[in-house]
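In what follows, a single structure is set out as structure tokens and then discussed.
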Amino acid sequence: MPNKELLLIPGPTPVVDEVYEALAQETRAHTDLRFAGIFSEALALTKQMFNTDGEVFVIAGSGTLSMEMALINTVAPGEKVLIVSHGYFGDRFLGVTNALGIKAEALVAEWGKRVSIEMIEEKLQEGGFKAVTVTHVDTSTGVMANLEEVVPVVKKYGALFILDGVCASAALEEDMGKEYGGKGNTIDVVLTASQKAIGVPPGLAIVAFGPAALAARKKMHKVSSYYADINNWIHIMREPYKYFATHPVNMIYAYHQGMKIIEREGFAARYRRHAAIGKAIRAALKTYNMHTLAPEEYAAPTLSCVLYPAGIDDEVFRASLAAKGVIVAGALGPLQGKGFRLGHMGNVTTEEFCKALEIIGETLKEQGHPVDPALAVKVYQEVFAKNMEK
Ligand SMILES: *Cc1c(COP(=O)(O)O)cnc(C)c1O
């Protein structure tokens with residue numbers, strides 16, 4: 001079942017045939033041992049990807065459920081978290097904490113900018129933060145967080161480090177076994193979802209808890225959710241033929257296949273490929289006089305918020321792309337109408353990106369911008385190849 005359209009929004013991302021085929025396998029009982037074997041293998045690959053000896057959870061839901069699971073199992077109502085926000089999805093943690101009765105303070109960057117490490121440290125010095133949430137890549141702005149810098153500071157003040165990887169996991173390294181500049185300076189929770197860089201349709205919430213996060217859950221007697229309580233899932237994830245709530249059987253088949261594809265490519269190779277794609281896309285768009293909102297230093301490998309040159313009508317532009325089979329997303333919040341968001345993650349080929357660049361170029365020409373699509377394609381190919389060599 002070939003894709004009819006090139007879905008270049010920041011998730012869901014294009015689904016390859018192998019994943020569709022897995023999805024279409026016979027639905028078995030959620031307690032079937034053959035199914036459980038496949039699920040266990042998918043969970044083992046997830047653990048490998050996050051390099052954790054903690055626990056991973058893959059349940060029916062979306063990324064927002066993962067955000068909620070991360071917090072509800074580590075921070076009790078009345079306790080305090082610090083939210084580092086680089087846009088719309090960072091801000092979403094305010095909604096989650098508010099719903100859960102968790103106190104929250106947020107450091108909110110101007111859109112396209114990054115919260116400085118000095119501001120984070122200054123805030124943490126006030127004390128009393130149980131956890132800090134950081135969005136690895138904020139999907140509204142294309143701003144990427146700097147883990148090397150932020151993890152050690154958060155750990156210095158004894159807070160749990162919760163990473164929203166929804167727009168990053170499987171495209172950027174998220175290594176929970178890695179010590180960032182000192183012993184015990186690790187990421188404690190990574191939360192993510194199936195439909196972005198993992199390349200599987202939407203429908204799965206994926207969360208990894210390291211030892212310190214699991215210990216935090218243990219200390220809380222109960223949490224105010226039944227479905228999102230990891231205590232109800234730990235023994236199920238160890239033995240997936242057991243029942244707590246019905247597994248999304250076919251989505252697990254698809255996820256298993258998605259993780260096999262990632263393993264086959266190799267985690268490190270996949271991270272390198274995404275870094276190269278990001279650089280190549282940004283360089284190619286520059287030839288169209290289009291720039292990303294985030295500066296090169298912290299522009300995400302997975303998606304770009306691309307600002308229009310003067311004189312482009314957002315709705316006409318995106319509708320015209322869609323008519324040619326390329327689907328991109330509108331910009332959010334204060335940038336609405338001023339740019340578009342282009343996803344460049346998951347199982348998308350160089351040919352597909354080049355085709356998208358050609359179509360973007362043609363569409364710009366229609367709107368009176370004399371650009372050279374062949375040049376953009378050439379720049380993409382050259383920059384991509386150069387960065388894959390390294
Ligand atoms: C998409 C996204 C979410 C929300 O995920 P849903 O699956 O839409 O609930 C959260 N955080 C980030 C960074 C995202 O990109």
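Since the structure is predicted, the reported quantities are computational estimates derived from the model, not experimental observations. First listed ligand is number 1; within each ligand, the first listed atom is number 1.
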With a cut-off of 3.5 Å and sequence neighbours excluded, list every side-chain donor-acceptor pair involving residues 375-382.
none

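- In this structure Glu148 satisfies the salt bridge (Lys or Arg N to Asp or Glu O under 4.0 Å) test together with Lys178, sequence neighbours excluded.
- For Glu126, the salt bridge (Lys or Arg N to Asp or Glu O under 4.0 Å) partners are Lys123, not counting sequence neighbours.
- Residue-level contacts of ligand 1 at the 4.0 Å heavy-atom threshold are Ser62, Gly63, Thr64, Met67, Phe89, Thr135, Val137, Thr139, Asp164, Val166, Cys167, Gln195, Lys196.
- Residues Tyr243 and His30 bring their aromatic ring centres within 6.0 Å.
- Separation of the Trp233 and Phe209 ring centroids does not fall under the 6.0 Å cut-off.
- Ring pair Phe244/Tyr226: centre-to-centre distance below 6.0 Å.
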